[in-house]
Every structure is written in structure tokens, then in C-alpha cells.
Visitor: 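I am attaching a structure below and will ask some questions about it afterwards.
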Number of protein chains: 2
Amino acid sequence: MFQVDTMSRQPVYEQIIHQLERFVLSGVLKPGTQLPSVRSLSMELSINPNTIQKAYSELDLRGVIYSVPGIGCFVSENAVALLGEHKRENLGLLYQLAQELALAGIAKDEVLHTVEQAYSAHDKGGNTI
Amino acid sequence: MFQVDTMSRQPVYEQIIHQLERFVLSGVLKPGTQLPSVRSLSMELSINPNTIQKAYSELDLRGVIYSVPGIGCFVSENAVALLGEHKRENLGLLYQLAQELALAGIAKDEVLHTVEQAYSAHDKGGNTI
DNA sequence: TAACTGTACTATATGTCATAATACAGTTGA
DNA sequence: TCAACTGTATTATGACATATAGTACAGTTA
């Protein structure tokens, strides 16, 4: 399920957070589902348990998951809504990125077309419930 | 001219590269223009000279600027074209970002509108020659 | 009771970033 | 010629984030 690239510039714990967010948003991990334990996932990915816990801790802090000591970690009921709000902040990044492309002389239609492609790829992927 | 935020997560040398790229693309720094010297810019920004040199070295390697030992650094003649190609790679980033937003349930029209805003802000900014 | 769960802690290693201090060779103008 | 600039190179040092390693504790479950 999870995959990790140790050679990536992006920290491993961020990769795990990012993947878990996508699993929740795409419905692969539904609210209430128990996540793989810190130790089992660390062994599966050949990664230190502390790295997994760092990812889980941050998601727990944000309310996306919740942990029950002695039992395990679970996807929160309002995880999808929380992630929706969280991802909305990326609109600012997209705005900056579009400004960069405008400055570099890339045509507006080309950028708009890229957005269209991203959305059609998403729809065809059957990720809409 | 240049500004630096030491507290930013983005490395200082990357900030300088980014700003210089924007100055070139916006016409503030034209081809042939001599850049501030490593030492003078380091003093102006209260930054170590090595940090400036790291930024200049990378831009020199990419051909955006060229350096003449004993004289100084200058904006290359084909800098704008080089930067155009370089920035085009960001279309891939924008594609990924748009997919993220689609997955998070943000409406396509909202994303398209953000792109429109970025381009209209660019035009009104008078950055087109 | 054994085996699992999350959590906490210290120590260590690594790589990137930035600073500090020199040093060298080339250019320029007084 | 000489002082003052230019880019370039080198070594040492410190701060910081990331990741690993090992250990430990408390709660849960079959």
C-alpha cells in the first residue's frame, strides 16, 4: 500500500503523510479504518519506527487520524472534510505558480489546458464517489 | 534590489536565484547587465559571500549568467530564453497541484479562476514588454 | 502470560545550509 | 607600480532537520 523513496529530496515522513492523505481523500482508507501499526509499517517499508510515528503524530495533531494507546491508530470521522480545508491552502501555491508561468511567457491557454487535463484525469480515474 | 528572509524555510541561496530569475524575466535586469559583486551583495544583505557565490555558480552553470574573473558577473544574452525553457518544467508541478485540488473536492472552476487571476495580475502589473 | 498497541527518551550519524577566515589570480584606475 | 576591486577556491566550524538505533513504559487482547 504505502511506498517510500529514500533517495527523494522530500523527507520520508512527509511522503507517508502525503500518501495517507491521498488514500483518505480517494476513499481507499475510510473513516474508522485502522491504520497499520507503527512497527508493522516500519518493517514493511524497511524504515525506522520513529519515522512512522512522526508522520502519525502530525496527522493526529491535525485531527485527520486519532490514536488509542494499546489499540492502534484510526482514520477520523471528519478526516475528509479536514483534508479538504487543508488542501484548499494549495490554491495560493497554484496562484504563485501561475504567476511564474505568466512571467516566463507561457501562454495562459496552455496553463488552463493543463488544469483541464488534471481534472479530466481525475474524473476518468473514477476517484469521484 | 535583492531581499532575503533568513527565517524562511527556503535556503537563502535559492531565494537569490529565484529573485534574479524574476528580475531577468521582468526586464529589470537586461542581458549584458553587470550583477552586483559577490562581496558587495553579501554586505548589502548581511550574508556570507559564499552564499552569494553558491547562487551565482548555479546560475552560471545553467548559462543564465556568465562570470569573468577579475571583472564581474553578467546576464547572458539568451538568459530570457533559457529561463523560459526552465520555467516550463513547472507545468508538471501545476498539473500535480491541480490533481491534488481535484482530489480534495475543490471545484475546477475555482482553480481555473485562480489561474485567470494570476494572469490578469501579471498583465496589470505591466510586466509584459 | 505472551504478543501486540502507542508513546517517550537518549544517543548517534548524516547531509544541507550558512558562517568564518584565508588565500590566489586577474583587472582596473590613480 | 600599487591599492582596490573582481571571481574563485579552500578548510574549519556550527546549526539544523532527518533518520537510525536501542531501550523502556503503560495499555490492550487473546
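First the proteins, then the strands, lettered A, B, ... as listed; each starts at 1.
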Visitor: Inspect the surroundings of CE in B:Met43 and state if more than 12 heavy atoms from other residues, nucleotides or ligands are less than 6.0 Å away.
Guide: no

Visitor: Report, as yes or no, whether the 6.0 Å neighbourhood of atom CD on A:Gln3 holds more than 12 heavy atoms from other residues, nucleotides or ligands.
Guide: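 Atom CD in A:Gln3 is not packed in, count stays at 12 or less.
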
Visitor: Hey, what do you get for CD (B:Gln117) to NE2 (B:His113), rounding to the nearest 0.5 Å?
Guide: 4.5 Å

Visitor: How long is the gap from CD on B:Glu14 to CD on B:Glu21, to the nearest 0.5 Å?
Guide: 10.0 Å

Visitor: Enumerate all atom pairs, one protein N or O and one N or O from nucleotides 15-18 of chain D, separated by less than 3.5 Å.
Guide:
from   : atom 1 : to      : atom 2 : distance (Å)
D:dT18 : OP1    : A:Tyr13 : OH     : 3.2
D:dT18 : OP2    : A:Tyr13 : OH     : 3.4
D:dT18 : OP2    : A:Lys54 : NZ     : 3.3

Visitor: Just the rounded figure in Å: distance from C1' of D:dT23 to CD of A:Gln53.
Guide: 14 Å

Visitor: Need two values: the first and the last nucleotide of DNA chain C, 5' to 3', having an atom under 4.0 Å from any heavy-atom of chain B.
Guide: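 First and last nucleotides in contact are C:dC17 to C:dT28.
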
Visitor: When you group the ILVMFWY residues by side-chain heavy-atom contacts below 4.5 Å and let the links chain together, are A:Phe23 and A:Leu59 in the same group?
Guide: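 A:Leu59 clusters together with A:Phe23.
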
Visitor: Which comes earlier along DNA chain D counting from the 5' end, the contact point of A:Pro69 or that of A:Gln15, where each point is its nearest nucleotide?
Guide: A:Gln15

Visitor: Testing B:Thr33, B:Leu35, B:Leu82 for side chain to side chain contact (heavy atoms under 4.5 Å, CB included) with B:Ile65, which one passes?
Guide: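 Single pass found, and it is B:Leu35.
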
Visitor: Calculate, to the nearest 0.5 Å, the distance between atoms OH and CG belonging to B:Tyr119 and A:Asp109 respectively.
Guide: 9.0 Å

Visitor: Over how many whole Å does the gap from B:Asn50 atom CG to D:dT10 atom C1' extend?
Guide: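 Answer to the nearest Å: 10 Å.
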
Visitor: Listing request: all side chain to side chain donor-acceptor pair (under 3.5 Å) pairs with a residue in residues 66-77 of chain A, at least two apart in sequence or in separate chains.
Guide: A:Asp60-A:Ser67

Visitor: Could you tell me how far apart A:Met43 (CE) and D:dA21 (C1') are, to the nearest whole angstrom?
Guide: 15 Å

Visitor: Roughly, in whole Å, what's the span from CG in B:Asn48 to C1' in D:dG14?
Guide: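 Computing the B:Asn48:CG to D:dG14:C1' distance gives 13 Å.
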
